[in-house]
Amino acid sequence: MEATHGINRIGVMTSGGDAPGMNAIIRAVVRTACANKIEVKGIKRGYEGLLSGDIIDMNARSVSEIIQRGGTMLLTARSTDMMTPEGQEKAANICRFLGLDALVVAGGDGSTRGALALSRLGVNTVCIPATIDLDLPCSDYTIGFDSAVNTAMEAITKIRDTSSSHERCSVVEVMGRDSGYLALWCAMTGGAEDVLLPELSTSEDEVIRRIIENRARGKRHNLVVVAEGMFRAVALAKKIQDMTGIETRPSILGYLQRGGAPSALDRVHASMMGYEAVKLIMEKQFNKVVIFKDGAYSHMDIEEGLKAEHKFNDTMYHIARMLAI
Ligand code: F6P
């Protein structure tokens, strides 16, 4: 294929908390670039690796056998240096020194902010939303979310067995930072009686009242999913037990939600978004974030993307609770 796009070399990195599907993004970026005769530098440990010069040459074979793997072959980190003007200036200089025509950054909110800082310093960047939190409101999907929901659902299904055998109340804490989507999907798929989300301010007393009501309706066990940004499972379980006398156990799913093989949905979105990112670069559309909106892949300016408002639709919340009546 004749290279008419004028792009010679790009960099790719994964940054922030890892998410299942990051490897599929790397594979798609590298292979789309290779198919279009573009050289690829793999930057290890996100911005940390960029700042310390931990960079590898990549080709189509470097990304063999990774589409099915969790984690990220390029490793990842949360860089505090990249939050400082000095760190950002240094990172931009390194991108120039490396001769990168553009840099692809796969990560969440903080990683996208890092890319925006670089773009303001003249580095061409394209971002791919990748976080289990689904908290980049500019996109209807962020890579890793579906896999994390499936992993948590499996765990919750197991907790449900023991909870019902003992007629207990189980409080399950899931990740999501300040976003409740992961918790909401876990509650819906796990058939939880209640779910506590940062977007809705349910009080502890209200949760307890609902548990008592559930028991009065004949339910012999309760499953309450809690978003980490709302309550802590251990404290809430103690309060429920103290106030109701119902044996209550907390479970914190923690980092298992970030691991494991990516789901089919994550592999598809990651492959498509990785391809879209390189396509944007070849079209010289820089400083963009690839998004999935209203059923189609598209893009926005990073700055606009980061400004998008988190509009929480509570319909699914009410349905999930009604279905657990
Ligand atoms: O952003 C992904 C996430 O897993 C959040 O859900 C969680 O709050 C956070 O990362 C944990 O971060 P760390 O890996 O730095 O402990």
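In listed order, ligands and their atoms are each counted from 1. For reference, positions follow the sequence shown, starting with 1.
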**Item:** Protein contact to atom 6 (O) of ligand 1 [nearest heavy atom, distance to 0.1 Å]
**Value:** D133 OD1, 2.7 Å
**Message:** Under 4.0 Å between a side-chain nitrogen and a carboxylate oxygen: does that hold for E193 and K219?
**Reply:** yes
**Item:** N222 side chain to R210 side chain, donor-acceptor N/O pair below 3.5 angstrom
**Value:** no
**Prompt:** Nearest to atom 12 (O) of ligand 1, what protein heavy atom do you find, and at what distance?
**Reply:** R78 NH2, 2.9 Å
**Item:** Closest candidate by heavy atom, reference atom 7 (C) of ligand 1, pool Q257, R258, R177, E228
**Value:** E228
**Request:** Scan side-chain atoms only and decide if N313 and T315 contain a donor-acceptor pair under the 3.5 Å cut-off.
**Result:** yes
**Prompt:** Taking atom types as modelled and ignoring hydrogens, do the side chains of N59 and S62 form a donor-acceptor contact shorter than 3.5 angstrom?
**Reply:** yes
Donor-acceptor contacts, no H, no angles, side chain residues 133-141, under 3.5 Å, sequence neighbours left out:
| residue | atom | partner | partner atom | Å |
| --- | --- | --- | --- | --- |
| S139 | OG | Y141 | N | 3.3 |
| S139 | OG | Y141 | O | 2.7 |
| S139 | OG | F292 | N | 3.1 |
| D140 | OD1 | K293 | NZ | 3.0 |
| D140 | OD2 | D294 | N | 2.9 |
| Y141 | OH | D146 | N | 2.8 |
| Y141 | OH | D266 | OD1 | 2.6 |
| Y141 | OH | D266 | OD2 | 3.4 |

**Prompt:** Do any heavy atoms of G176 fall under 4.0 Å from ligand 1?
**Reply:** yes
**Top protein contact for atom 16 (O) of ligand 1, by heavy-atom distance** = Y255 OH, 2.4 Å
